[in-house]
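Protein chains get the first letters and strands the later ones, always in sequence-line order, with residue 1 at the start of each.
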There are 2 protein chains.
Amino acid sequence: MSHTAETTQVRAPGVRQAQKLRTRRALLDAALALLEEQSLSSLGLREVTRAAGVTPAAFYRHFRDTADLGVALVDEALGSLHTTIRTALAATVRDGTGPEDGGGGEDGGDERIDAAVELIDALVREYPAHVRFIAREQHGGVTAVRAAISGQLALFGAEVADTLAAVPEAAGWSRADLLMLAGLYVDHMVMTASALLAAGPEGGTRAEVARVARRRMRLISLGRRHWLD
Amino acid sequence: MSHTAETTQVRAPGVRQAQKLRTRRALLDAALALLEEQSLSSLGLREVTRAAGVTPAAFYRHFRDTADLGVALVDEALGSLHTTIRTALAATVRDGTGPEDGGGGEDGGDERIDAAVELIDALVREYPAHVRFIAREQHGGVTAVRAAISGQLALFGAEVADTLAAVPEAAGWSRADLLMLAGLYVDHMVMTASALLAAGPEGGTRAEVARVARRRMRLISLGRRHWLD
DNA sequence: GGAGTCGGAGAACGGTTGTTTACTCGGTGG
DNA sequence: CCACCGAGTAAACAACCGTTCTCCGACTCC
């Protein structure tokens with residue numbers, strides 16, 4: 001992962017700062033684990049340090065309070081998922097079945113949707129704690145964290161709108177409408193991720209959730225296709 | 001204070017139970033007020049009793065713990081909004097512009113959508129604390145409350161699906177697809193309510209949020225209209 | 001009208017919280 | 001090589017937490 005050069009490490013390596021980042025990592029991981037069964041506003045400072053194996057006072061070397069830690073968690077969670085989500089959305093966006101040559105071309109759109117939902121599913125499986133944290137604190141009790149999340153999601157929305165604008169089907173769409181559709185996609189993605197998380201790793205309910213998510217996306221894409229009528 | 005029964009106050013009322021319900025009311029109201037700036041899992045028992053003007057020990061006469069109180073709040077919030085939401089959804093459902101006689105009939109659908117969003121807006125203005133509570137605890141840290149909310153919302157969804165099935169445009173729709181669409185409506189309603197709440201009572205941003213919500217609904221209705229193609 | 005019920009008050013308990021202080025001690029830079 | 005810096009420790013602080021106990025007094029039922 002990190003670039004800890006062993007031999008000719010020079011300049012700015014810092015064994016010092018490396019250790020600092022390690023405990024910071026421990027604090028973030030411990031907090032994320034604890035947040036699977038409670039929300040941020042009830043997360044105790046001592047609770048985190050205890051789980052991380054450090055002293056309560058050490059916490060202040062990294063964060064002002066638990067809310068500050070929460071904001072850091074938002075950046076980490078949505079930052080790491082940034083490229084992944086971008087890929088997913090780019091795939092979803094192009095569902096217009098391309099030029100309407102002949103019929104039966106609709107499978108292309110459905111395949112894109114299937115791939116997108118599958119990607120969300122894989123994402124939830126790989127980073128369940130991050131997804132849970134975002135879904136929970138999106139409307140949570142800590143103002144700063146809420147603001148951070150909505151800011152990041154708005155960023156995603158704008159990015160999706162840009163991607164949407166690039167495809168030929170978007171001809172004639174206003175910027176406002178593109179943002180509207182992009183926001184709908186993003187919100188639906190968060191909702192789907194949360195639903196998948198709540199369904200658990202079992203096959204039965206989870207498969208049904210994915211099925212419904214696909215149909216919802218298909219309906220939205222259908223509406224998108226006929227928007228300019 | 002109050003003397004006994006005034007004249008022919010009889011049978012089952014009970015001055016006793018009336019007072020009990022009064023303090024229960026005080027506890028619920030105090031909790032709801034406190035929950036505007038934090039989440040349920042961080043809500044303290046003593047905090048609630050202090051705000052309600054009663055002793056901590058009195059709390060146990062009404063609820064086992066704060067999670068139990070949260071479930072009661074869910075029933076109250078979604079129970080009271082039940083009829084209102086039902087009305088709103090019944091209005092939204094019929095957006096198919098009726099029989100497709102000639103063109104230009106689409107305004108009917110848009111008017112329904114406008115009315116529905118307006119109703120949500122009014123609902124948020126009248127019960128902001130309830131709406132905030134539901135939106136926040138829907139993915140919150142208390143399992144029992146989460147289950148209660150999702151159960152109530154699933155009930156709403158089924159009800160909306162029934163209403164949808166009654167309109168002529170639903171011919172040929174499977175029950176699963178009706179539930180899918182109903183869930184999409186319900187989720188979108190909660191999202192819109194939360195967004196309106198976050199926008200605050202000011203005219204500028206709030207009006208924009210309502211505008212986007214209307215467009216989203218219009219797009220969904222469009223997809224619904226072309227679902228069976 | 002008297003016995004009984006019960007919602008609420010009051011006080012006490014052990015435990016945990018966030019925060020601050022003084023201190024250690026190993027990596028860092030001149 | 002040595003002085004310094006700073007991440008982390010240990011201890012102490014008052015405040016608050018959830019829970020339990022005993023007790024009071026007003027309502028209820030017969």
[atom1] of [X] versus [atom2] of [N]: gap in Å, rounded?
{"X": "A:L45", "N": "C:dT19", "atom1": "CG", "atom2": "C1'", "result": "9 Å"}
{"X": "B:K20", "N": "D:dG25", "atom1": "NZ", "atom2": "P", "result": "21 Å"}
{"X": "A:R22", "N": "D:dG8", "atom1": "CZ", "atom2": "P", "result": "10 Å"}
{"X": "B:Q17", "N": "D:dT28", "atom1": "CD", "atom2": "P", "result": "9 Å"}
{"X": "A:R46", "N": "C:dT20", "atom1": "CZ", "atom2": "P", "result": "13 Å"}
{"X": "A:L21", "N": "C:dG27", "atom1": "CG", "atom2": "C1'", "result": "15 Å"}
{"X": "A:E47", "N": "D:dC16", "atom1": "CD", "atom2": "C1'", "result": "16 Å"}
{"X": "B:R61", "N": "D:dA26", "atom1": "CZ", "atom2": "C1'", "result": "14 Å"}

With the side chain of [X] defined as its heavy atoms from C-beta on, choose the nearest nucleotide among [options].
{"X": "A:H62", "options": "D:dC21, D:dG8, C:dG27", "value": "D:dG8"}
{"X": "A:V15", "options": "D:dA7, D:dT20, C:dT28", "value": "C:dT28"}
{"X": "A:R16", "options": "C:dT28, D:dT19, C:dA9", "value": "C:dT28"}
{"X": "B:T55", "options": "C:dG10, D:dC17, D:dG8", "value": "C:dG10"}

*Is it true that A:R50 and A:E47 have a side-chain N and a carboxylate O under 4.0 angstrom from each other?*
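Result for this pair is no, no salt bridge flagged.
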
*May I ask you to decide whether A:D162 forms a salt bridge with A:R175, counting only side-chain N to carboxylate O separations under 4.0 Å?*
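Answer for the salt bridge query: yes.
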
*Backbone N/O of B:Q138 and side chain of B:R146: donor-acceptor pair under 3.5 Å*: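 Looks like no, no N/O pair under 3.5 Å.
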
*Tell me which of A:R64 and B:R24 sits closer to the 5' end of DNA chain C, going by the nucleotide each one is nearest to.*
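Whichever sits nearer the 5' end wins; that is B:R24.
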
Is there a side-chain contact between [X] and the phosphate of [N], meaning an N or O under 4.0 Å from OP1 or OP2?
{"X": "B:R50", "N": "D:dC17", "result": "yes"}
{"X": "B:T23", "N": "C:dG7", "result": "no"}
{"X": "B:Y60", "N": "D:dT19", "result": "yes"}

*With a cut-off of 6.0 Å (strictly less than), are more than 12 heavy atoms of other residues, nucleotides or ligands near CD of B:E36?*
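More than 12 within 6.0 Å, yes.
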
*Evaluate whether atom CZ of A:R25 has more than 12 neighbouring non-hydrogen atoms of other residues, nucleotides or ligands under 6.0 angstrom away.*
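Yes, CZ of A:R25 has more than 12 neighbouring heavy atoms, counting only those of other groups under 6.0 Å.
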
